[in-house]
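In what follows, a single structure is set out as structure tokens and then discussed.
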There are 2 protein chains.
Amino acid sequence: MPRIPAYVAIAESLRARIESGELKPGDRLPAERELVDDFNVARMTVRHALDTLQMEGLIDRKRGRTGGTFVRSIPPVLDLTRIVGIDRQLREIGLEQTHQVVQSGIVEANHSVSSALSLELGDPVFRTEIVRYIADNPAIVEVFYVAREFESVIEHLDLALIDAFSITMGTTVDRREDLVTPGAATDAERKTLDVPGGTQLLRITRKTFAGEEVIAYSELAIRPDVAQVRVVTHREDETSLQP
Amino acid sequence: MPRIPAYVAIAESLRARIESGELKPGDRLPAERELVDDFNVARMTVRHALDTLQMEGLIDRKRGRTGGTFVRSIPPVLDLTRIVGIDRQLREIGLEQTHQVVQSGIVEANHSVSSALSLELGDPVFRTEIVRYIADNPAIVEVFYVAREFESVIEHLDLALIDAFSITMGTTVDRREDLVTPGAATDAERKTLDVPGGTQLLRITRKTFAGEEVIAYSELAIRPDVAQVRVVTHREDETSLQP
DNA sequence: GAGTGGTCTAGACCACAGC
DNA sequence: CTGTGGTCTAGACCACTCC
């Protein structure tokens, strides 16, 4: 029998109390120093256990006199496979969405951007960084890159990008491709999203197509504690049973 | 000016070396004890920095005489919005996929399962746990639940579920919905996927529909270092510009 | 002020994988 | 055997937030 590390045992014990429903979303777990007494370990070991639960998305932590460690509650769902903007999706379920342009201007294309948009490394591109708030919580950071001549699409950030292109440029967008990966917040995201270091995010890198050409490239980072992501696939999308 | 924690500064420094290309995928970073000397901090602080980079998906760590900390290489892409099975998608890009049924049998529906399949808590359901290997690496754990009478679909695990239902039951599947979240490996997943604790995974909970009825519910956990996930959305899926 | 989580130290020993 | 990462201790002080 392999030995079970203490921090794993502690995490299992707390996870069991959450999954059994003994601790419900919003409930507070014992303070770290209490857990130290309960399990007879050093505080770093308790923190390692809590770190893993936080990475799993089961708990949130707040500091201060009324802070503590809490069971995470279930966030609203955003549909990746709907073309309509986030704004409208949230309004349908009765939530407020606002956004704020953090920065925008011409920058030199880095490697990811230039290869996505078929440019040379260092070519000028128009970059916009947006933070979207759901019910006043910073929820999503979106950085998007377009060729300079498309700059005016940012006048319609409340719309889906697809419609913004159609209105401002007359360009017909017909497809987008999203790569979805998990990953912790970087320091920059940590600041704009106002989360502690190490928070788990859902990352999406998106290519928006007009025909076979990529006309926009964006990177989204979503706080999973304020928005879940859904993907819907219909049978008609593809005939699957051919050899 | 807020003070920058040492572990953040160390992580930033290493991240910069990776993103600049000074360290390429597969390259080895300095050993932890070397970094301790380089940055004049305790080893726990270096490890905290490396933990955050690991959570971001930038590095992998291996122990043993020839182990170390390595820059992660870029994994193949699986398309969530294609109905064809994982098996065929990988064969198209020249990779081997095998799978193994870890366990299967009748269990009592827990809360998630019963509410997804419209059953009562504790009702019997057929549960199958599968591990999928990509190029001999354990890549995906898939647990799926169906009503007992659909049990025979597991005879066709190499096919997409949609076709398995069609062949064995004559049931026409026409839609599926996936919820995508990030989250670290639990202890159970850690064992079956053979990853160290705290590894980031991409989690998908999937409902498979026949008409408005959910006929299968599955939970997938994907190792992002062996498979990336893509979502493709077409314009025709929805008319977006209505008020 | 007081109690919460966040950072950090300077060690120790363990587990693993090649040589 | 040796060098790698993994776990753990028993403290310390900091930063935040409400009272």
Side-chain angles (χ1 to χ4, degrees), chain A residues 1-12 14 26-55 58-72 184-185 187 190-191 194-199 225, chain B residues 1-12 14 26-55 58-72 184-185 187 190-191 194-199 225:
Chain A
M1 278 291 290
R3 185 177 137 281
I4 293 176
Y7 79 92
V8 173
I10 295 169
E12 273 176 352
L14 295 172
D27 283 359
R28 217 185 93 168
L29 276 67
E32 294 180 358
R33 289 160 179 86
E34 283 181 62
L35 293 171
V36 164
D37 291 341
D38 294 351
F39 290 100
N40 280 302
V41 292
R43 187 161 160 236
M44 286 296 277
T45 304
V46 163
R47 283 185 60 73
H48 194 170
L50 293 176
D51 285 346
T52 67
L53 294 178
Q54 184 172 41
M55 297 296 93
L58 280 176
I59 59 168
D60 293 308
R61 291 143 117 181
K62 285 189 186 59
R63 46 177 153 182
R65 184 70 176 79
T66 52
T69 304
F70 301 87
V71 180
R72 177 181 291 183
D187 310 315
R190 189 184 155 180
K191 281 164 201 150
D194 185 31
V195 291
T199 302
D225 57 336
Chain B
M1 276 292 292
R3 185 178 138 284
I4 292 175
Y7 80 93
V8 173
I10 295 169
E12 272 175 353
L14 295 172
D27 283 359
R28 217 184 94 169
L29 275 68
E32 294 180 357
R33 289 160 179 87
E34 283 181 62
L35 293 170
V36 165
D37 291 341
D38 294 351
F39 291 100
N40 279 301
V41 293
R43 187 161 158 234
M44 286 295 278
T45 305
V46 163
R47 284 186 58 74
H48 195 171
L50 293 176
D51 286 345
T52 67
L53 294 179
Q54 184 173 40
M55 297 294 94
L58 280 176
I59 59 167
D60 293 307
R61 290 145 119 182
K62 284 190 187 61
R63 47 176 151 182
R65 185 68 176 78
T66 53
T69 304
F70 300 87
V71 180
R72 178 181 290 183
D187 309 314
R190 189 184 155 179
K191 283 163 201 153
D194 185 32
V195 291
T199 302
D225 57 338

Please compare Arg65(B) and Asn40(B) by the position of their nearest nucleotide in DNA chain C and report the one closer to 5'. Asn40(B)
In whole Å, I'd like the distance from the CD atom of Glu32(A) to the C1' atom of dC14(D). 14 Å
Here the pair of heavy atoms bringing Leu53(B) nearest to Ala11(B) is CD2-O, 3.9 Å
Nearest-Å distance for atom pair CZ/P, residues Arg61(B) and dC16(C): 17 Å
Residue whose closest nucleotide on DNA chain D lies nearer the 5' end, Met44(B) versus Gly67(B): Gly67(B)
First of Ala6(A) and Leu50(B) reached from the 5' end of DNA chain D, by closest nucleotide: Leu50(B)
Would you say Lys62(A) and Arg28(A) make side-chain contact, with heavy atoms under 4.5 Å? no
Can a donor-acceptor pair under 3.5 Å be found between the side-chain atoms of Arg33(B) and the base atoms of dG5(D)? yes
Would you indicate whether the side-chain heavy atoms of Arg61(B) and Asp51(B) approach each other to under 4.5 Å? yes
Taking OP1 and OP2 of dG6(C), is either one under 4.0 Å from a side-chain nitrogen or oxygen of Arg47(A)? yes
Can you tell me how far P of dC8(D) sits from CG of Asp51(A), to the nearest Å? 13 Å
Without decimals, in angstroms, what is the distance between His48(A) NE2 and dT7(C) C1'? 16 Å
For dA10(D), take OP1 and OP2 only and decide whether either is under 4.0 Å from a side-chain N or O of Arg43(A). no
Are OP1 or OP2 of dC19(D) and a side-chain N or O of Thr66(A) less than 4.0 angstrom apart? no
Nearest whole Å is fine: how far is dT9(C) P from Phe39(B) CZ? 13 Å
Between Thr69(A) and dT4(C), is there a side-chain N or O to OP1/OP2 distance below 4.0 Å? no
Using atom OH of Tyr7(B) as one end and atom C1' of dT9(C) as the other, report the distance to the nearest whole Å. 16 Å
Determine whether any donor atom in the side chain of Arg63(B) lies under 3.5 Å from an acceptor atom in the base of dG18(C), or the reverse, and answer yes or no. no
Thr69(B) side, atom OG1; Leu14(B) side, atom CG - distance, nearest 0.5 Å: 9.0 Å
When the distance from CD of Glu34(B) to P of dT4(D) is rounded to whole Å, what number comes out? 7 Å
In this structure, how many angstroms lie between the P atom of dT9(C) and the CG atom of Leu35(B), rounded? 14 Å
From Ile10(B) atom CD1 to Thr45(B) atom OG1, the distance as rounded to the nearest 0.5 Å: 6.5 Å
